[in-house]
Number of protein chains: 2
Amino acid sequence: MSRMLPELNPPERLLMGPGPSNVDPRILRAMATPVIGHLDPAFLGLMDETMGWLRQVYQTRNHHTVPISATGSAGIETMLVNLLEPGDDVVVGIIGYFGQRMADVAARTGANVRVIEAPLGESIPPERFEEELKRKPAKLVAMVHAETSTGAEQEVAAVAEIAHRYGALLAIDCVTSLGGMPVKIDEWDVDAAASCSQKCLGAPPGLSPVTFGPRAMEVVSGRKSRCQSWYLDLNLLFAYWGDGKANTRVFHHTGPITMIYAMREALRIVLEEGLEARFARHRKAHEAFVAGLEAMGLSLFTRGRRLPMLNVINIPEGIDDLTVRRRLLEENIEISGGFGPLAGRTWRVGLMGVNANPAPVMRLLSALETALVEQGYRCERGAAVAAARAVYKQ
Amino acid sequence: MSRMLPELNPPERLLMGPGPSNVDPRILRAMATPVIGHLDPAFLGLMDETMGWLRQVYQTRNHHTVPISATGSAGIETMLVNLLEPGDDVVVGIIGYFGQRMADVAARTGANVRVIEAPLGESIPPERFEEELKRKPAKLVAMVHAETSTGAEQEVAAVAEIAHRYGALLAIDCVTSLGGMPVKIDEWDVDAAASCSQKCLGAPPGLSPVTFGPRAMEVVSGRKSRCQSWYLDLNLLFAYWGDGKANTRVFHHTGPITMIYAMREALRIVLEEGLEARFARHRKAHEAFVAGLEAMGLSLFTRGRRLPMLNVINIPEGIDDLTVRRRLLEENIEISGGFGPLAGRTWRVGLMGVNANPAPVMRLLSALETALVEQGYRCERGAAVAAARAVYKQ
């Protein structure tokens, strides 16, 4: 039998949504590298290197720092199913969809989930965690550092200090922040964190880098019940990735070799650029983009501390969400709609990795202006790009 | 800061272990394709195509046939955590390490796990499942179709008939069999199956193709408790991949785009070759390899129905496992050691995907002969390759 099936031929998009972002060609080339075995001595060397570089990006000395073999959501689940047992108390800070999701995942462990919420677009004042922990202790505080659904940043260091003062661990979702703004695991004294590969680290989706500090690992190794997930069981996982003591690697699952090649190359690019330079580049792209938006008469939804890499824009009166996004997609530009209650009211624009640069910012501003004007929106043509360019010239 | 970090430069191995196997260059090239968004209309089309082609490979009309966004082990976990609830009875057939692992994963759901075992190298006569189900009913029977640790095939169709007669579902692990030998989900009447990307489908590790039939999906949608895993919750997962009814895609997690490109290309290669031709090629490689082994005076460990793609070889008296494998690795050939009680006593050789072909078979036989002779093993030089070649000439 010989059949002709269509070639893979996806369009070339500029990915300005909340991730995946565009992938550096160096990383794509790395993925075309022939596969080796997951127990090959050469691969074990690549694993050690990947762990080491990931520690640098997480700004931590935590030995237990690895990419989980699944996407970012699985990294969040890894934190919760390993740190919680049935009956444990967990306080989840919710400032948007991804905080809600953390509460959902935590509830599936049989833990007693208590939530603290802030209005969409804001973040939670640290003292509210203190009030809640004073009222009743908890084993764990979990929250999102950079909330992808609202563009708000949640203060971490102060919450970590409070959590520890009340005997709780702190686990954070830094899916959107890692690689694009400071995530200082050791300085902030965070016990566990999980991220993803496809946002500011600039690799394709498929892996979730996580880090676990000594207090967290003590909880993991001292569990009364086994972790409910075999695949995400850190005790088994670190028998393969290395527990930092014995020099042995015990088979757990077959690592996703090619994705680890991609992660390694992504980390290499991040470290070659340097963390501070990379954060400054993301910050600059955000400032230029916002200057452009404002010149167009548009405003940001987020009221609290705004994320540089994820911009939530209010859709102006009389403009239809889907019409604009469809029009941009015709120009091969992807931006994203709002989440849940923000659907139809906001757009989400990511400036991540290779796209936190002048060319993508200008291309999007220009195309967005055209799409809006086509729908009868009134603004001075060219002002957005000029304003953004002025920021880059400063 | 500018730093030089080492380039990715792994050795070029011939992967003749139990997987990953070598990856067709077409698949590696597909992975270098620029990433698009997981909600891009163009990507939704690729998802539908991937589901359709996967159904053909699984020989099923099951709508609910998708690659899970994690490796094969997670696919096994997906079956068990979705089909079982606390207190349910499950009968697990164990003929090796991967059956034991199924029992381990099942126990973590809070189900009551009952096991049926066969000696290593054999498989379980179907009537033993009947005895067990007659003794006490169960909700699910779970077993490994192709046991990677022993090289034995477990009969499926007869067990499916028995399971259904006693009101149980049947879930199978076909991690090693799919794409290399018949896996007839509909004809055998299997309710759920999970496999991997990196063995006979020939893609890199990272995805787990699963299929769920109508009876299984009825159990999934009628659960009393929520699935313990958010990431592997089929009710959420099929809201994204499509439930076959509503024409909507609801965000769950960010799909591993590049791995799905790889899976799509791998399936395309499988279907272009044709399933029957592909199975015959794997069978022929096995026959040639075994002829070569026998000409060398070596024997297979497996006593029951032998898998074509996974050959478990008895290590001859006086030969050291690690010395031989290290010697082969110097020639850039990877084979694998035995598992658990078979460690040091057996080697495992995979003939999967592109490696189920004359050139890899001859190269391995020749290198193995050399490594054995270097250790004082006595055999007629060149006889193995000649015997294998004779099989290919038939």
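The model shown is predicted, which means the values in this text are computed figures rather than measured ones. Letters A, B, ... mirror the listed sequences (proteins, then strands); counts begin at 1.
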### Query
So how far is it from Ile27(A) CD1 to Met31(B) CE, rounded to the nearest 0.5 Å?
13.0 Å

### Message
Would you compute the distance between atom CZ of Arg268(B) and atom CE of Met4(A) and round it to the nearest 0.5 angstrom?
### Response
6.5 Å

### Query
Hey, which of Ala70(A), Pro11(A), Pro34(A), Pro20(A) has the most heavy atom pairs under 4.5 Å with chain B?
Pro20(A)

### Task
Check each atom of Leu236(A) against the heavy atoms of chain B and say whether the ones under 4.5 Å are side chain, backbone, both or neither.
side chain

### Query
Which bit of Val23(B) is near chain A, if near means a heavy-atom gap under 4.5 Å: side chain, backbone, both or neither?
side chain

#### Entry: Proximal component of Cys196(B), with respect to chain A [non-hydrogen, under 4.5 Å]
neither

### Query
Which bit of Pro6(B) is near chain A, if near means a heavy-atom gap under 4.5 Å: side chain, backbone, both or neither?
both

## Note on the structure
Honestly, the part of Ile257(B) sitting under 4.5 Å from a heavy atom of chain A is both

### Option that, when pairs with chain B are counted at under 4.5 Å, heavy atom only, ranks first among Leu15(A), Ile68(A), Val105(A)
Leu15(A)

### Query
So which of Asn9(B), Ile260(B), Val35(B) has the biggest tally of heavy-atom pairs under 4.5 Å with chain A?
Val35(B)

### Summary
Interface check, chain B: of Ala42(A), Ser69(A), Ala74(A), Gly206(A), most non-hydrogen pairs under 4.5 Å belong to Ala74(A)

#### Entry: Side chain / backbone / both / neither for Asp233(B) at chain A, heavy atoms under 4.5 Å
side chain

### Message
What part of Arg101(B) gets within 4.5 angstrom of chain A, counting heavy atoms only: side chain, backbone, both, or neither?
### Response
side chain

## Note on the structure
The reported gap from CD in Glu77(B) to CD in Gln228(A) (rounded to nearest 0.5 angstrom) is 9.0 Å

### Message
I need the Leu329(A) CG to Ile36(B) CD1 distance, nearest 0.5 Å.
### Response
9.5 Å

### Query
When only pairs under 4.5 Å are counted, which of Arg13(B), Arg264(B), Met259(B), His252(B) shares the most heavy-atom pairs with chain A?
Arg264(B)

### Query
Would you say Ser225(A) and Arg108(B) make side-chain contact, with heavy atoms under 4.5 Å?
no

### Task
Test Trp230(B) against every option in Leu80(A), Val81(A), Asp104(A) by the side chain to side chain contact (heavy atoms under 4.5 Å, CB included) rule and name the one that passes.
Asp104(A)

### Query
Counting only heavy atoms not in Glu12(B), do more than 12 fall under 6.0 Å of its CD?
no

### Query
What option among Arg26(B), Glu265(B), His38(B), Arg29(B) has the most heavy-atom pairs under 4.5 Å with chain A?
His38(B)

### Query
Can you tell which of Cys227(B), Ser21(B), Gly19(B), Pro41(B) has the highest number of heavy-atom pairs within less than 4.5 Å of chain A?
Cys227(B)

### Query
What distance do Thr71(B) atom OG1 and Tyr231(A) atom OH have between them, rounded to the nearest 0.5 Å?
3.0 Å

#### Entry: Under 4.5 Å from any heavy atom of chain A - which part of Phe43(B)
neither

### Summary
Among Leu39(A), Leu8(A), Asn22(A), Leu46(A), the residue with the most heavy-atom pairs under 4.5 Å to chain B is Leu8(A)

### Least distance between heavy atoms, Ser73(B) atom then His253(A) atom
OG-CB, 3.4 Å

### Query
So which of Ala30(A), Ser336(A), Ser229(A) has the largest heavy-atom pair count under 4.5 angstrom toward chain B?
Ser229(A)

### Query
Are the side chains of Tyr261(B) and Pro204(A) in touch, meaning some heavy atoms are under 4.5 Å apart?
no

### Query
Rounded to the nearest 0.5 Å, how far apart are OG1 of Thr254(B) and CD of Gln198(A)?
5.0 Å

### Query
In terms of heavy-atom proximity below 4.5 Å to chain A, should Glu49(B) be classed as side chain, backbone, both, or neither?
side chain

